[in-house]
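Source: prediction; values computed, not measured. First the proteins, then the strands, lettered A, B, ... as listed; each starts at 1.
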There are 2 protein chains.
Amino acid sequence: MQPARDGTSRTGSGAPTIYDVARAAGVSIASVSRVLNEARNTRPETRDKVIHAVAELGFAPDGAARALSGRLKEVVGVIERRPFPVGPGIDEDDAFADEAESLQFHDMINRGIEMAAQGRGFDILIRSVDVNDHDAGYRTLALARKSDGLILHDRLVDPEPLRKLAAQVPIVTLAGVATPETVNVSGDNASGMRALARHLLDDHGYRSIGYVGGYADSPDSLARHQTLAAEAAASGADFCSGPNWKGNYYAAGGALVVDRLMASGITMPRAIACANDQTALGVMNGLRRHGIDVPSRVAVTGFDDIAMARHLRCQLTTVRQPIRDLGATAFEVLYSMINGDEPAERDIVLPTRLVVRESCGCGMGA
Amino acid sequence: MQPARDGTSRTGSGAPTIYDVARAAGVSIASVSRVLNEARNTRPETRDKVIHAVAELGFAPDGAARALSGRLKEVVGVIERRPFPVGPGIDEDDAFADEAESLQFHDMINRGIEMAAQGRGFDILIRSVDVNDHDAGYRTLALARKSDGLILHDRLVDPEPLRKLAAQVPIVTLAGVATPETVNVSGDNASGMRALARHLLDDHGYRSIGYVGGYADSPDSLARHQTLAAEAAASGADFCSGPNWKGNYYAAGGALVVDRLMASGITMPRAIACANDQTALGVMNGLRRHGIDVPSRVAVTGFDDIAMARHLRCQLTTVRQPIRDLGATAFEVLYSMINGDEPAERDIVLPTRLVVRESCGCGMGA
DNA sequence: CTGAAAGCGCTTACAG
DNA sequence: CTGAAAGCGCTTACAG
């Protein structure tokens with residue numbers, strides 16, 4: 001039984017409903033829905049009346065109602081990490097205060113996701129979670145239930161919860177690890193780091209090298225670490241690592257590593273490769289604060305090639321990741337999964353490329 | 001009439017419904033809903049059974065269904081500008097290729113919005129629109145219908161469509177202009193620019209000054225322009241402006257302005273204030289390419305104080321905006337509007353502050 | 001305290 | 001080609 005409709009919308013919100021349109025056009029709601037969705041099987045006259053009423057009222061279907069009646073939500077959830085709690089306690093004059101909130105790599109990736117999503121009529125629902133958010137599990141599920149599928153940055157969800165989640169919605173991870181239930185998309189860490197290592201070890205002939213890592217559990221960082229260590233070993237160069245070398249993908253973390261190393265009295269290696277560009281930035285600043293010149297005394301390199309890399313005092317030698325493509329690829333794979341396709345490949349690796357600038361020591365003589 | 005329920009979920013998607021939970025717990029769906037929402041008015045025993053079943057099944061209510069039955073969607077839409085079409089045509093070795101896609105100010109603001117949203121259980125639905133997207137009107141409406149309210153960066157929607165949109169959902173603009181139907185949140189452009197102008201004109205004694213703008217219709221840029229022009233006039237200094245001085249908030253735009261000015265044979269002013277930090281970056285690089293040293297021959301300043309500002313070759317003197325607070329404030333106001341409150345203030349202005357570094361010419365003797 | 005039922009605003013077979 | 005009706009998965013008065 002159709003509810004009585006007075007002149008106004010049912011909801012107080014002021015947005016017209018399909019009933020308003022139907023009444024204005026003098027047709028049934030089914031006809032309105034048809035011209036809006038199928039376009040065919042409607043008499044031109046009916047069609048015109050509906051189109052007109054829709055324009056007149058400024059109608060667009062409610063997303064929730066549409067989704068509930070069998071359609072997609074046309075939303076993908078994106079969850080990223082927000083490691084540093086920020087608040088009034090933070091000193092805004094600290095050189096890295098703001099940077100903590102701007103992991104540019106993530107922002108760029110999200111842009112890639114969003115642009116691909118737009119091509120399919122999707123929007124992206126973003127949430128960042130604190131590393132020590134104990135309620136993360138539930139909040140993640142809640143986000144999943146507002147979306148058609150989920151894209152997870154790195155290793156936000158533990159394997160077991162991830163498995164359960166994947167049973168409910170399609171999931172793609174970025175810079176994580178592929179599982180039987182999920183697809184992963186990442187840059188080619190091994191070949192990128194190998195090219196970088198060879199440049200440092202062979203071209204420059206550095207005989208000692210260190211690696212400042214990202215989050216302890218980051219698959220990206222682990223892969224880069226392993227490759228670098230292997231290349232150093234193959235060249236017979238010294239490789240420095242250990243607890244003092246753990247960073248967190250942020251400049252502040254990189255600077256901290258330098259402070260710790262200096263305090264420990266260690267001899268700095270000739271070159272330091274960092275887990276990402278932002279870490280490299282912090283390491284360079286940290287070294288300079290201790291009076292150590294980059295790159296003449298210590299060479300420093302990054303990973304990612306974010307925009308900032310070429311605008312630093314000392315332009316950063318780094319490994320370029322196809323950041324935008326990483327995001328776009330993640331979306332496209334997820335989109336096909338949402339449409340019921342079985343992914344052909346569960347571990348998608350996109351190529352990376354060494355970008356030589358100044359911080360490795362190149363161009364010093366120029 | 002309740003539909004027959006077999007052992008599996010109705011939807012193919014694998015996500016359990018409230019019916020699944022009710023069956024598992026041996027109660028009605030009403031009871032499940034009650035313990036999930038009200039918490040009170042349920043016998044402890046019932047409550048336990050439900051809690052248990054929910055945990056067992058990994059249930060969370062479907063966002064669409066929840067929203068449709070009178071609740072909020074707990075989603076706010078955020079629309080930002082994406083001015084540069086990017087695609088295969090772009091040269092990735094261009095110094096500003098990527099930067100075009102990373103307007104860091106927006107990313108930081110969005111982070112502020114998102115963090116405030118999280119405190120209220122909301123997520124943010126992000127969409128960027130192309131300046132020359134003719135279908136923008138409809139897509140904006142569509143986003144609105146997936147959300148409880150909208151936050152619009154700068155002046156994305158024309159006044160008339162904006163009025164119509166505001167009749168359907170609450171709207172807050174960021175760095176736009178307040179209207180009778182919408183609330184605007186922005187930084188204090190006038191006082192920030194005034195402080196900067198005085199520093200340049202009085203402290204440094206520069207007698208000629210130019211302004212490189214942002215988007216032509218950006219209220220922020222307009223306000224900064226006017227204040228600077230007024231201060232220059234008050235000091236009797238020359239003020240340069242005109243069509244050659246139009247930028248677009250991106251580094252590439254700033255560099256282009258410099259090229260145009262050089263080509264036009266104009267004498268560079270002693271100081272150039274830019275619409276934002278990214279523009280300043282481009283201007284500095286452009287000047288250097290033309291052999292003009294910054295700041296000894298031409299001083300350059302920015303606006304915003306994004307993280308990059310202090311990591312440039314020549315640290316940027318700029319006006320700090322409370323970027324995160326801008327976003328958080330926009331959300332909080334929108335949130336109260338969503339809850340039916342009439343906003344107390346339609347034009348919210350947050351304080352800004354001059355940050356003196358090197359690019360203005362300070363510290364050159366040090 | 002709890003269940004049966006109505007209703008949210010759509011879409012889509014199902015009849016005509 | 002078009003309308004009446006069922007159903008999507010919830011929440012919330014309404015009775016008990």
Side-chain angles (χ1 to χ4, degrees), chain A residues 1-5 8-23 25-50 54 57 59-74 142 145-146 148 168, chain B residues 1-5 8-23 25-50 54 57 59-74 142 145-146 148 168:
Chain A
M1 197 173 312
Q2 207 134 306
R5 303 289 301 167
T8 57
S9 292
R10 215 173 308 199
T11 58
S13 75
T17 71
I18 197 171
Y19 290 94
D20 298 318
V21 176
R23 187 160 9 82
V27 300
S28 72
I29 59 163
S31 286
V32 175
S33 182
R34 270 187 216 102
V35 346
L36 255 30
N37 292 300
E38 312 180 26
R40 60 192 167 187
N41 283 16
T42 37
R43 206 165 30 154
E45 192 190 338
T46 305
R47 200 179 142 66
D48 288 349
K49 285 190 292 188
V50 170
V54 163
L57 294 170
F59 171 80
D62 177 79
R66 195 184 174 89
L68 193 54
S69 61
R71 291 251 166 174
L72 292 174
K73 298 186 170 75
E74 297 188 323
R145 302 299 269 123
K146 293 181 181 174
D148 298 310
Q168 298 200 18
Chain B
M1 195 175 313
Q2 208 134 304
R5 306 288 302 166
T8 58
S9 292
R10 215 174 306 198
T11 57
S13 73
T17 72
I18 197 172
Y19 290 93
D20 297 319
V21 177
R23 188 160 6 85
V27 300
S28 72
I29 60 163
S31 287
V32 175
S33 182
R34 270 188 215 100
V35 345
L36 254 30
N37 292 301
E38 312 179 26
R40 60 192 168 186
N41 284 15
T42 36
R43 207 165 29 155
E45 191 191 338
T46 306
R47 201 179 142 66
D48 287 349
K49 285 190 293 189
V50 170
V54 164
L57 294 169
F59 170 80
D62 177 78
R66 193 183 174 90
L68 193 54
S69 61
R71 291 253 165 172
L72 292 173
K73 298 185 171 75
E74 298 188 321
R145 304 299 270 120
K146 292 181 182 174
D148 298 310
Q168 297 199 18

message: Test of understanding: with side-chain contact (heavy atoms from CB on, under 4.5 Å), list the residues that count as partners of B/A142, not counting sequence neighbours.
response: B/Y138
query: With respect to the phosphate group of C/dG9, does any side-chain polar atom (N or O) of B/R145 fall under 4.0 Å of OP1 or OP2?
result: no
message: Which nucleotide wins on minimum distance to the side chain of A/D62, given the candidates C/dG9, D/dC10, D/dG3?
response: C/dG9
field: Distance in angstrom units between B/R47 CZ and C/dT2 C1', rounded
entry: 15 Å
- line: Per-nucleotide protein contact along nucleotides 11-16 of chain C, 5' to 3', at a 4.0 Å heavy-atom cut-off (B base, S sugar-phosphate only, - neither), is BBB---
field: Nearest-angstrom distance from the residue atom NZ of B/K146 to P of C/dC10
entry: 15 Å
statement: Ranking A/V27 and A/L68 by the position along DNA chain D of their nearest nucleotide, the one closer to 5' is A/V27
field: A/S31 vs D/dG3: side-chain N/O to OP1/OP2 distance below 4.0 Å
entry: yes
query: Any Lys/Arg nitrogen of B/K73 or A/D62 sitting under 4.0 Å from an Asp/Glu carboxylate oxygen of the other?
result: yes
Atom-to-atom span, CZ of A/R23 to P of C/dG9 - whole angstrom: 12 Å
CG-CD1 distance between B/L57 and B/I18, expressed to the nearest 0.5 angstrom: 12.0 Å
task: Check the distance between C/dG9's P and A/L57's CG and give it to me in whole angstrom.
output: 15 Å
- request: Measure from CZ on A/R43 to C1' on D/dG3 and round the result to the nearest Å.
  value: 13 Å
query: Is the shortest heavy-atom distance from the side chain of B/Q168 to the side chain of B/R145 under 4.5 Å?
result: yes
task: Return the value, rounded to whole Å, for the distance between atom NZ of A/K73 and atom P of C/dG9.
output: 18 Å
field: Close side-chain approach of B/V32 and B/K49, heavy atoms under 4.5 Å
entry: no
query: To the nearest Å, how far apart are A/E74 CD and C/dC10 P?
result: 15 Å
query: Would you call B/Y19 and B/I29 a side-chain contact if the rule is heavy atoms closer than 4.5 Å?
result: yes
message: Do B/N37 and B/R71 make a side-chain contact, defined as non-hydrogen atoms from C-beta onward lying under 4.5 Å apart?
response: yes
query: Across all strands shown, which nucleotide pairs with D/dA4 by Watson-Crick or G-U wobble geometry, both distances under 3.5 Å?
result: none
